[in-house]
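Structure record follows, encoded as structure tokens.
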Amino acid sequence: MTINTVSSTELAALVVEAQNAPRQRKNLNLHPTLADPVQRLLNAFEPGTYVRPHRHDDPGKWELFAILHGRALVLAFDAAGSVQERHELAPAGAVQVIEIAAGTWHTLAALESGTLLLEVKPGPYTPSGPQDFAPWAPPEGTAGAVTLERWFHAARVGDRAPC
């Protein structure tokens, strides 16, 4: 195949899969293998899903997100958990595409049901290690993670994570 397409039906099905998933998110890889030098994927995620604040410390590991549907929030933090930047993404909003520099502590949160992002980042895929997660952010699946995810929605520049 020389052209890869994703239909509106496939996008809608991805959103439904995220809504029904225990973690409230689902991705669809567009790249053929995890070793691909350019990782391209669609991320569907719902309000309440927790993306633990993390960074990609490798100097070449930036991330780019483009919003396709819904609304999302991107927060950037300093090493102590204080919000340095807050950006809301929406298809008709002021920010529709965002690139996060390597080494930036960050998270994403869904602000509306049916939120769908296109993500592009350098490959190959490497799993995150403990050093990649913010030490002040609780692990996924804990009560503290639920509290922090809710805090993301109201957090403003200068606020410090309540962990």
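All values below come from the heavy atoms of this structure, side chains included, with hydrogens, waters and symmetry mates left out.
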If I compare all heavy atoms of Pro91 with all of Gly70, which pair ends up nearest, and what's the gap?
CD-O, 3.1 Å
Residue from Leu41, Val120, Leu42 passing side chain to side chain contact (heavy atoms under 4.5 Å, CB included) with Leu30:
Leu42
Would you say Asp36's side chain and Val38's backbone share a donor-acceptor pair under 3.5 angstrom?
yes
NE2 of His69: more than 12 outside heavy atoms within 6.0 angstrom?
no
Could you check Gln131 against Asp57 for side chain to side chain contact (heavy atoms under 4.5 Å, CB included), going step by step and ending with a plain yes or no?
CA-CA 9 Å; Gln131 73 283 359; Asp57 211 22; over 6 Å; no
What do you reckon, is CZ of Arg40 surrounded by more than 12 foreign heavy atoms closer than 6.0 Å?
yes
Report yes if some heavy atom in the side chain of Pro127 is under 4.5 Å from a heavy atom in the side chain of Tyr125; otherwise report no.
yes
Is it the case that one hydrophobic cluster holds both Leu75 and Val95, taking links as side-chain heavy atoms less than 4.5 Å apart, direct or via other members?
no
Distance in Å, Leu14 CG paired with Asn27 CG, rounded so as to fall on 0.5 Å steps
7.5 Å
Quick one: do Val6 and Leu64 end up in the same hydrophobic cluster if we chain Ile, Leu, Val, Met, Phe, Trp and Tyr together by side-chain heavy atoms under 4.5 Å apart?
yes
Does any non-hydrogen side-chain atom of Pro53 lie less than 4.5 Å from one of Trp136?
yes
Near Lys26 NZ, under 6.0 Å, is it more than 12 heavy atoms from other residues, nucleotides or ligands?
no
Taking it one step at a time, do Lys121 and Lys61 satisfy side chain to side chain contact (heavy atoms under 4.5 Å, CB included)?
CA-CA 7 Å; Lys121 57 189 173 184; Lys61 295 288 184 171; over 6 Å; no
How long is the straight-line distance from CZ of Phe65 back to NE2 of His106, given to the nearest 0.5 Å?
5.5 Å
Distance col, row Gln96:CD vs Leu118:CG, nearest 0.5 angstrom, shows 13.0 Å
Of all heavy-atom pairs linking Ala44 and Ala18, the shortest is O-CB, 3.5 Å
Over all heavy atoms of both residues, which pair between Ala109 and Phe45 is shortest? Give the atoms and the distance, please.
C-CE1, 3.5 Å
With no hydrogens and no angle check, just 3.5 Å: does a side-chain donor-acceptor pair link Glu46 and Thr49?
no
Rounding to 0.5 Å, atoms CG (Leu73) and NE2 (His153) come to a distance of 7.5 Å
Can you see which heavy atom on Glu85 is nearest to which on Val157, and at what distance?
CA-CG2, 4.0 Å
Can you measure from OG1 (Thr115) to CD1 (Ile67) and round to the nearest 0.5 angstrom?
5.5 Å
Would Glu112 and Arg71 pass as an ion pair if we require N to O under 4.0 Å?
yes
Looking only at heavy atoms, the pair that brings Thr142 and Pro138 closest together is OG1-CB, 3.6 Å
Co-membership, hydrophobic cluster, residues Val74 and Val51, 4.5 Å side-chain
no
Under 4.5 Å between side-chain heavy atoms, hopping through other hydrophobics if needed: is there a path connecting Val83 to Trp105?
yes
Would Leu148 end up clustered with Leu108 when hydrophobic side chains under 4.5 Å apart are linked, directly or stepwise?
no
Would you please classify the geometry between the Phe77 ring and the Phe152 ring as parallel, tilted or perpendicular, with 30° and 60° separating the classes?
tilted
Please walk me through it: do Val15 and Gln19 pass side chain to side chain contact (heavy atoms under 4.5 Å, CB included)?
CA-CA 6 Å; Val15 167; Gln19 291 168 338; 3.7 Å; yes
Measure the CD1-NE2 distance between Ile100 and His54 for me, rounded to the nearest 0.5 Å.
7.0 Å
